[in-house]
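Down below is the structure, laid out as C-alpha cells.
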Amino acid sequence: MPTPGKNPYFVLIKYENDKIENIQILESMAKHVGGNMTPGEFIAGSGANKLLCGNLGPKAIQMLQAAGIEVYTGASGTVIEALHDWEEGKLKLASMDSACADGHI
C-alpha cells in the first residue's frame with residue numbers, strides 16, 4: 001500500500017456497527033498526481049475521520065490530526081485486508097516518532 005501522496009485513488013468506506021455500509025472510490029486531486037492540493041488537504045476535505053495507510057510523513061500527520069482525523073500506519077495488502085488489520089488492532093496510531101523521514105507527504 002503506497003503512501004497517501006502517491007495514490008492515484010482513495011477508497012472511502014462508511015463503516016458502522018462493525019460492517020461496511022458503503023464504499024466510494026475517489027480519484028486523487030493531490031499535487032503528487034497532478035492535482036491542485038496537498039494529499040493531506042484532499043483527505044481532510046473528503047469527510048474521512050480515519051486514515052489507514054502504509055506510512056506518511058510528519059507534515060501529513062500534523063495536518064490530518066489537526067483536522068480531527070485518526071491516522072493509522074502499517075497497512076498493507078488490499079483495502080479489505082487493511083480494514084481487517086485495523087479491526088484487529090494490528091495498525092498503529094501514527095505519531096511523529098513513526099513518521100516517514102524520506103520525504104513522503
Side-chain angles (χ1 to χ4, degrees):
M1 183 170 280
T3 64
K6 304 221 189 239
N7 281 332
Y9 299 95
F10 290 94
V11 178
L12 297 180
I13 299 174
K14 183 176 182 179
Y15 185 81
E16 292 183 3
N17 301 317
D18 296 329
K19 68 179 190 173
I20 296 172
E21 297 287 333
N22 186 37
I23 296 176
Q24 181 180 11
I25 300 171
L26 298 177
E27 188 169 3
S28 176
M29 298 302 295
K31 291 178 181 178
H32 295 339
V33 291
N36 58 0
M37 60 185 76
T38 68
E41 290 168 334
F42 180 78
I43 294 165
S46 73
N49 60 12
K50 290 179 181 43
L51 171 67
L52 312 181
C53 62
N55 59 46
L56 70 169
K59 288 181 187 177
I61 290 172
Q62 289 175 330
M63 176 184 287
L64 294 167
Q65 288 176 340
I69 298 173
E70 292 179 6
V71 179
Y72 294 86
T73 59
S76 63
T78 67
V79 170
I80 296 300
E81 289 170 336
L83 182 61
H84 287 303
D85 285 346
W86 172 77
E87 290 173 317
E88 294 172 4
K90 293 180 181 177
L91 303 184
K92 295 180 181 178
L93 199 55
S95 69
M96 296 312 286
D97 291 336
S98 67
C100 182
D102 65 357
H104 293 226
I105 68 166

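It should be emphasised that the depicted structure is a prediction, and the values quoted were computed from it without experimental measurement.
Heavy atoms only, all atoms of each residue included: Ile13 and Ile23 are closest at CG1-CG1, 4.3 Å. In terms of heavy atoms, Met63 sits closest to Glu41 at SD-N, 3.4 Å. The shortest non-hydrogen separation linking Thr73 to Ala94 is CG2-CB, 3.9 Å. For the residue pair Val71 and Cys53, the shortest heavy atom distance occurs at CG1-SG, 4.4 Å. Of all the heavy atoms in Glu16 and Glu21, the pair that sits closest is O-OE2, 3.8 Å.
Expressed to the nearest 0.5 Å, how far CD of Gln65 lies from CG of Leu93 amounts to 6.5 Å. Of the inter-residue distances, the one linking Glu88 atom CD with Leu83 atom CG reads 10.0 Å to the nearest 0.5 angstrom. For the atom pair OG (Ser46) and CG (Leu12), the distance works out to 5.0 Å, reported to the nearest 0.5 Å. To the nearest 0.5 Å, atoms CD1 (Ile43) and NZ (Lys50) are separated by 15.0 Å. Separating the CG atom in Leu56 from the CD1 atom in Ile61 is a distance of 4.5 Å, to the nearest 0.5 Å. Rounding to the nearest 0.5 Å places OH of Tyr15 at 11.0 Å from NZ of Lys19.
Ring orientation note: the planes of Phe42 and Phe10 are tilted relative to one another, at an angle of 30° to 60°.
Side chains of Glu87 and His84: a donor-acceptor N/O pair is present below 3.5 angstrom, by distance only.
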